[in-house]
Amino acid sequence: LAELLFWPALLFYGEAAVGYLGDARRPGLAGRAATWGVRLGWLAQTALLGVQAARRDGFPWATWAGSLNLFVWLVVSAYLIWGCRRPYRVLGLVVMPLAAVLLLVARAGGGTGVGGASHYSNLFLVLHVGLVLAAFAGFTLTAALSGLYLWQERRLKQRAATVLRRPIPALATLDALALRTVVWSLPALTLGIGVGLVRLVVDGDRVDALVLATAVTWLVWAAYLWLRWISGWAGRRAAYLALAGFALVIVVRLALPATHFA
Amino acid sequence: MRLVLVGTSHHRAPVELRERVALEREQAQALAARLAAGGREAVCLSTCNRTELYLAADDGEQAERDAVAALAELEPEVEHALYRLRDQAAALHLFRVAAGLDSLVPGEGEILGQVRVAHELGSTGALLDRVFRQALHSGRKVRAQTAIGHSPASVSSAAAALAEQVFGDLGGRSILLVGAGAISEQAARNLLSRGARISFVANRSLDRARELADRLGAEALPLERIADELAQADVVVASTSAPGFVLDAATVARAMGGRRGGQLLLIDLAVPRDLDPAIHELDGCYLYDIDDLQAIVAETLSGRRREAERAESLVAAEAEKFHEWHASLDVVPAIASLRARAEEIREAELRKAEGLLGRLDESQRRAVEAVTAQIVNKLLHLPTVRMKEAAAAADGVLYAEAVRHLFGLGEDER
């Protein structure tokens, strides 16, 4: 059954990626088809995660591939909240190909099948893996919003005659949305790290490189909020900082199999 | 009944001529009422770009002559600039007008409201009511299904669209006008219509600034005080006749320091320019001058023209639907008579057979009624469909006459 759900999810995400490409060339039908691809793919992946949890008698997030599967689902979920609105469709150009490729990578690593139960409790997996990945999904979207901000800002600075041709969210909207996403994501990361540290202490394990990298990531995103609220950072500077924070998120995700799950 | 259109527009008549046949609402209403006398229908559509008379009458020739005479009464010279269209061509023209395809700026939205008002003020009956309702429907459809009306078509609307591109919803955004001339006011009104608030009007002559500020609900300022209020503004629109810059980059940089990262859009509509081009280099500042805005408008207009091609096919399909409906009017009376005649025969035959049917119980009588009605319906179904098809192919009148002759319809009355 898991296999039967994986392929529709991948197919619909792939269709959405192609659809958004078509929408970028000629807005209209392709964009609507892409949006339905996101919705149907998300439903299939949600069912896949449900089947995995039921068959394994617990959440399958204790492996890097299993957590990657969850990460993709979280990114698409966050995108679904507002990404299907017409001005945000352009973000799908980045989000959906990424989702499709990462889902394929998760499958290659065995993260989309069913296997033995994890030795971690469900509560720990939800509070630690779930929250950290939810935060990372939020940061991924913040980076996408910031990237879009910088692109649109550049077009406005270039005074391109085509600046009004495509419906794109306003700079102020992108800036505010990026801030709001971090406001929700950072507390999730804080809580997720806290739960992980408690377990580390209880089990008497050592702090590994990934924990340190995650702590640095936390610091960068905390600085993001601090600079925005206290020093009045906004716009271009805040967008660059968000991209720097996202670079750390990538490092942590890539380092995961080599450290945490080693 | 024939649909007749007589009118003139910017395609045929220069503004000096158009303004002489342009009518106020009350005048248009009165003219429509006058032309509708004698069982006709009439609508007068009068805007700054066109004056058109739509008539529905049995005698199309006479209706056209009356419409031409009515317009010539307003201005004899207009007769040479009139176009005259009938039936499907007239309907297609109206649909194109409502969709903004016949406008000076393709896709402009104001015309749809003007068509609606003309319809409301007209003396309409079945035909004009139908054609105007369908025109309004196709106008809305074109705007919903194409992007013809999405992009700005003037410099002031491009400025407002840019402001939306930077700030999103303009509700509560603060505007500083520098200069109190007509150009400033036009730009201000465009921003106001999108929810922005005109906070300040700065001008060299404070009296003129007060005059405009009062009209816009803003505060008047002398030019020297711009720098003090700049930190509070989200959009600056400048259009003075000053020979040099009224705002330099250093002043704006100081004001930006107090804005805590917020964006500032500056629109310079003046020639020579009012705003120092170096302002555009400042972080968070976007300065657009008249050339930039004109380039945007030119680009968006070419986009509108591309969309107009798609809109034309939508409008043509609507005109075809109208044609089918209009043509069916010729055969509807013949179809109705045929059906009435058939029903009359059925009922008469049932009455004749009353002696036999009297022995049947209620359910058996109902079954006989149903079977005979079904036979009549089945017999008449194909001729009805064929007559409607023939009507759409312009043979409707011939077919209707043939049916009347073959079935002796209307002979009893004679």
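Order of the sequence lines fixes the chain letters, A, B, ..., with proteins taken first and strands second; residue numbering starts at 1 for each chain.
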Look up atom NE2 in H280(B) and atom CD in Q158(A), then write down how far apart they are to the nearest 0.5 Å. 9.0 Å

For A176(A), which atoms come within 4.5 Å of any heavy atom of chain B: side chain, backbone, both, or neither? neither

Decide yes or no for D169(B) and T173(A): does some side-chain heavy atom of the first lie under 4.5 Å from some side-chain heavy atom of the second? no

Side chain, backbone, both or neither of L287(B) within contact of chain A (heavy atoms, under 4.5 Å): both

Does atom CD (Q186(B)) have a neighbourhood of more than 12 heavy atoms from anything else shown, all under 6.0 Å? no

Sole residue of D292(B), T300(B), L162(B) in side-chain contact (heavy atoms from CB on, under 4.5 Å) with V163(A): L162(B)

For L164(A) and A161(B), the nearest pair of non-hydrogen atoms, with its separation, is CD1-CB, 3.7 Å

With a cut-off of 6.0 Å (strictly less than), are more than 12 heavy atoms of other residues, nucleotides or ligands near CZ of R154(A)? no

Evaluate whether atom CZ of R180(A) has more than 12 neighbouring non-hydrogen atoms of other residues, nucleotides or ligands under 6.0 angstrom away. no

What do you reckon, is CG of L98(A) surrounded by more than 12 foreign heavy atoms closer than 6.0 Å? yes

Using heavy atoms and a sub-4.5 Å threshold, report which of residues 229-242 of chain B line up against chain A, by residue number. none

Identify which part of R304(B) has an atom lying under 4.5 Å from any heavy atom of chain A, answering side chain, backbone, both or neither. neither

Interface check, chain B: of L174(A), L156(A), T162(A), most non-hydrogen pairs under 4.5 Å belong to L156(A)

Looking only at heavy atoms, which two atoms of Y288(B) and R159(A) are closest? And how far apart? OH-CA, 3.6 Å

Identify the two heavy atoms, one from A295(B) and one from A161(A), that lie closest to each other, and give their separation to 0.1 Å. O-CB, 3.8 Å

Checking heavy atoms, do the side chain of Q294(B), its backbone, both or neither come under 4.5 Å from chain A? neither

Expected output: side-chain K157(A) to main-chain C285(B) donor-acceptor under 3.5 Å: yes

Do any N or O atoms from the side chain of Y286(B) and from the backbone of E153(A) form a donor-acceptor pair under 3.5 angstrom? no

Specify the closest pair of heavy atoms between Q165(B) and I168(A), including all atoms of both residues, with the distance to one decimal. NE2-O, 3.0 Å

